[in-house]
Amino acid sequence: MNALLNRSQKLLAESEKHPSALLLELCGLLQAEVPHYDWVGFYFRNGNKEELKLGPYVGDPTDHTIIPFGKGICGQVAVSNSNFVVPDVKAQDNYIACSIHVKAEIVVPIFVGGENIGQIDIDSETADPFTDADIELLEGVAAAVATLLESQGISDPAAEL
Ligand code: SME
């Protein structure tokens, strides 16, 4: 996974491309390289509203383009500021299903200037697939995304990406 983090960081440093194109490519890279990543996407805090807005993603289209804070796995991470690893989505009461094929989910927040501005969300069709290696990879990717947003002066990614 270290090599993949390295590739992700390099991809995000391709400064001639628009950040939204880079984030979409990053989703594609992660999905292609990790067999248990089936849907890979970003949600960002929607301006000053207490909700998340869907950003770039790869995988099946989702109806959940807006998620209120507190709702589902994503909405819970928006308020907890902590990673959320769900080995079995059926065991979660506060879960928003996007596809009947999804068995597990991991959400890792993205911090810019100490503020939780969004998250990486991954759905898996494999049961209980996530390990510390996924957390390490995705925390590294989240940090690289934060660096990109800061360096490009993107303060409202939900509006700009
Ligand atoms: N399952 C998420 C909703 C987003 S989809 O996975 C794309 C949740 O419970 O917040």
Side-chain angles (χ1 to χ4, degrees), residues 1 4 8 11-12 19-112 115-146 148-149 154 156-161:
M1 295 278 207
L4 183 54
S8 303
L11 187 156
L12 292 180
S20 57
L22 293 177
L23 291 189
L24 184 61
E25 274 186 46
L26 174 65
C27 292
L29 174 70
L30 295 173
Q31 186 203 43
E33 293 299 320
V34 185
H36 56 278
Y37 292 1
D38 293 292
W39 188 99
V40 179
F42 290 91
Y43 280 95
F44 293 109
R45 188 182 62 205
N46 199 6
N48 51 20
K49 296 185 193 156
E50 302 239 310
E51 64 184 30
L52 295 163
K53 186 177 167 214
L54 181 62
Y57 72 93
V58 296
D60 292 342
T62 174
D63 290 340
H64 306 290
T65 53
I66 297 286
I67 298 179
F69 279 16
K71 300 279 181 211
I73 308 303
C74 296
Q76 290 178 78
V77 169
V79 292
S80 73
N81 305 323
S82 301
N83 299 334
F84 200 156
V85 181
V86 181
D88 174 9
V89 295
K90 286 206 177 75
Q92 294 292 322
D93 291 334
N94 189 357
Y95 168 72
I96 302 166
C98 284
S99 148
I100 52 161
H101 304 294
V102 173
K103 295 198 168 100
E105 177 162 5
I106 184 169
V107 179
V108 172
I110 300 168
F111 299 98
V112 173
E115 256 188 87
N116 181 350
I117 59 91
Q119 51 194 237
I120 304 171
D121 177 21
I122 296 181
D123 286 343
S124 181
E125 296 177 11
T126 305
D128 194 6
F130 301 115
T131 68
D132 287 348
D134 295 281
I135 294 172
E136 204 179 313
L137 168 68
L138 296 172
E139 285 183 346
V141 168
V145 170
L148 171 73
L149 298 179
I154 296 173
D156 187 0
E160 296 173 60
L161 298 178

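Just so you know, ligand 1 is whichever comes first in the structure, and atom 1 is the first atom listed for that ligand.
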Could you pull out every protein residue that has a heavy atom closer than 4.0 Å to ligand 1, ordered by chain and then number?
-> W39, Y43, I67, G72, I73, C74, Y95, I96, C98, E105, D121, D123
Does [Y] offer a backbone N or O that forms a donor-acceptor pair with the side chain of [X] under 3.5 Å?
{"X": "E105", "Y": "I122", "answer": "no"}
{"X": "Q119", "Y": "V77", "answer": "no"}
{"X": "H36", "Y": "A127", "answer": "no"}
{"X": "Q31", "Y": "C27", "answer": "no"}
{"X": "N116", "Y": "P109", "answer": "no"}

Candidates V86, L138, I135, V85 - the one meeting side-chain contact (heavy atoms from CB on, under 4.5 Å) with F130 =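 So, applying the side-chain contact (heavy atoms from CB on, under 4.5 Å) to F130 and each of V86, L138, I135, V85, only V85 qualifies.
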